[in-house]
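My structure is below; once you've seen it, I'll send some questions.
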Amino acid sequence: MSTEALRLVWVYPDLLSTYGDRGNLLIMARRADLRGLPVECHEVRSDQPVPTGGDIYLIGGGEDGPQALAAQRLIADGGFQGAARRGAVIFAVCAGYQLLGSSFFAKGARCTGLELMDLQSDRGETRAVGELAGPIDPALGLPPLTGFENHGGRTHLGPGAKPLVTVQVGVGNDGRTEGAWAGNMLGTYAHGPALARNPAIADLLIKWATGETLEPLDDTWPDKLRNERLTAIGTR
Amino acid sequence: MTEPKLPIRTRLASGLTKGAAALSRATGRGEGSVIGARVGMLVDPDMLANLAAGRRIALISGTNGKTTTTRLTTAAVGVLGEVATNSLGANMPTGHTSALVKAGPTPYAVLEVDEHYLPQVLEATHPELVALLNLSRDQLDRAQEVAGIAAKWRTLLTGKNVHVVANADDPMVVWAASVVPSVTWVAAGQRWLDDSWVCPECGSTIERSGEQWGCVTGDLVRPIPQWSVRDDGVVDPTGTYHEVHLQLPGRINKANAATALAVADRFGAPVLEALPRLAQVTSVAGRYATVVKDGRTIRLLLSKNPAGWLEAFDMAEDVPTLLAINARDPDGHDTSWLYDVDFSPVRGRRVLITGDRAYDLAVRLEVNDVRFEHVTSFGKALAAVPPGRLEVIANYTAFQDIRAELDRVN
Ligand SMILES: [Zn+2]
């Protein structure tokens, strides 16, 4: 492996960090660090250019106003899209997930997205709030997803994006599937934050970025948490 | 004060309010004030307005500290005469109605108001003064976004003839308050910054340097405060420094005291007479209360949201500490906010965790490199620590559970 540090870039924490999104950065950094991988974390505010040389990019959740503003600034800046086209790993949650598609709804208007994934989002009739769970696409080899969703969007996937989860509890994209993945990009509606409840997703992203097979960690507490949540909603 | 002439409908409704409250207490359904007021307000929908008429009223609102600030302000205004107040934190119109019925005619009223209900209560009570403390994220799965509440307040206050006492250090509060011509600015501080990086007026970034702040375009900047918190006291508008002695811990309560003094001063209470009254406040609706049990001296701190946890860590002493987390309706169901809180201040202490959502906290603490022990009840936590001090920091329903457990044994 390279001796260079794994560069984690957290995009726009000033706009898109409404649902404990810092947790995803902290957990990713910790899990790399415990494997002896040197890590550098960059927090890029919305008035700063997004660096194109990162290994893993995180983009999180936010309300309508900040989401629309983030889209405008990312489109004007171009750094994030450049990194995605170069094949950098991208992990997007909630509002950030919607931004990856061609369009989304905010404050009653259709807004242009970043067009990085084959999906688009509109408004549902009701807000989806509550626990979200279901098995993850077997191609990824991960245990079931558990999370908490809180969004008014419905997301429609095109043929270029694969559903991440078959929904058992909750709404996700449309009540049937939740999240999406394509290439090195993975998006989800799950908070929790997602990587606190699903550390295996963090490991998958690190594996995508480094090409390394990772040793297992002591996940006693995350396992207890997962078990409790999945039991509470009756999926086990 | 002479007995005000209440409309007959309001007198009837007040009687029903007291009656229903008494009935509710007698049947063991708790304090009953809210149930009583609900009955009364059915008979007289203008009951709150009629009860408020003739009193000089201050409303206190904000995300955090409103119960404590209401208590301190009530104490300070008490220099001038009798004060009606909703001391138990029932901060919606039914709570205000029952507090005013219970107090009878008083020259003053100091009322804590839920931040979402401020428009309704302001319209009903025609206060002389509104104190706005702070705005930050709270109960994310249900509550409105912070900018939304600030906008609601700003719309409410536009064109109103009311004096505002407001926190000069919270950009969202400043934006909401600055539409009123008459504002007393209090430099009350803002430890939590993550809900005010973007200017609500122009969308540009808010920059901070020392205690100054302002957005990049300059349309929203920190106003010059008339009152400030300095060291262990407060500087008044004449520049005079007053040492503030409180039985309540933490810098945030010095800030709450500064707001209380600013409100009392506006009503005409001399600072030097108000100060000793602040020192008499011991606990507020069970918060900060110290309870001795089995040789353990237990102090209870309530923290409902990330900004509140930062303040609690500022107050908590370096002794064994129990952290308790639930995620029931009043707490909000999404525990993601645990990652908005940096738990490193308790690193190195003996930390115990409990509550419905202790596992969420366990994972959070592990990520924060804080060692902890999990216990399944408050009683087990007590048994696990040696005689001496124990700090308890809990969110809303976890706090209520622990109080109930302590009440049972005492
Ligand atoms: Zn501005």
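The chains referred to below are lettered A, B, ... by the order of the sequence lines, with proteins before strands, and numbering in each begins at 1. Since the structure is predicted, the reported quantities are computational estimates derived from the model, not experimental observations.
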To the nearest 0.5 Å, tell me how far A/Asp14 CG sits from B/Thr205 OG1. 6.0 Å

Is it the case that over 12 heavy atoms from other parts of the model lie below 6.0 angstrom from the OH atom of B/Tyr396?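 Open: at most 12 neighbouring heavy atoms sit under 6.0 Å from OH of B/Tyr396.
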
When heavy-atom pairs shorter than 4.5 Å are enumerated against chain A, which of B/Val198, B/Val341, B/Leu193, B/Asp360 gives the highest number? B/Asp360

B/Val367 and side-chain contact (heavy atoms from CB on, under 4.5 Å): which single residue from A/Arg22, A/Arg31, A/Arg30 fits? A/Arg30

Are the aromatic ring centres of A/Tyr12 and B/Trp197 under 6.0 angstrom apart? no

Walk me through it: do A/Arg229 and B/Tyr359 pass the test side-chain contact (heavy atoms from CB on, under 4.5 Å)? CA-CA 10 Å; A/Arg229 290 290 90 211; B/Tyr359 291 156; over 6 Å; no

What is the minimum heavy-atom distance between B/Asp334 and A/Tyr19, and which atoms define it?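 So the two residues come closest at OD2-CD2, 4.0 Å.
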
Measuring from A/Glu63:CD to B/Arg137:CZ, what's the distance to the nearest 0.5 Å?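 Between A/Glu63 CD and B/Arg137 CZ, I get 9.5 Å after rounding to 0.5 Å.
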
Can you name the nearest heavy-atom pair linking A/Pro222 to B/Glu366, along with the distance?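 Of all heavy-atom pairs spanning A/Pro222 and B/Glu366, the closest is CD-OE1, 3.8 Å.
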
Quick one: which of A/Asn24, A/Leu195, A/Ile27 gives a side-chain contact (heavy atoms from CB on, under 4.5 Å) with B/Tyr339?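 Single side-chain contact (heavy atoms from CB on, under 4.5 Å) partner of B/Tyr339 among A/Asn24, A/Leu195, A/Ile27: A/Ile27.
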
Within 6.0 angstrom of B/Gln212 CD, more than 12 heavy atoms from elsewhere: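 Enclosed.
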
Take B/Thr335 and A/His191, measure what side-chain contact (heavy atoms from CB on, under 4.5 Å) needs, and give me the verdict at the end. CA-CA 9 Å; B/Thr335 55; A/His191 317 151; over 6 Å; no

Check the pair A/Glu228 / B/Arg357 against side-chain contact (heavy atoms from CB on, under 4.5 Å), numbers first and verdict last. CA-CA 9 Å; A/Glu228 177 207 273; B/Arg357 299 302 290 272; 3.7 Å; yes

Under 4.5 Å from any heavy atom of chain B, what part of A/Leu26 do you find: side chain, backbone, both or neither? both

Can you say whether B/Asp342 sits under 4.5 Å from chain A via the side chain, the backbone, both, or neither, judging by heavy atoms? neither

Crowded around B/Arg371 CZ? As in, over 12 foreign heavy atoms under 6.0 Å?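 Atom CZ in B/Arg371 is not crowded, with 12 or fewer foreign heavy atoms closer than 6.0 Å.
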
Identify which part of A/Arg226 has an atom lying under 4.5 Å from any heavy atom of chain B, answering side chain, backbone, both or neither.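 Contact with chain B involves no heavy atom of A/Arg226 at all.
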
Can you check whether A/Gly20's main-chain N or O pairs, donor with acceptor, with B/Ser336's side chain at less than 3.5 Å? no

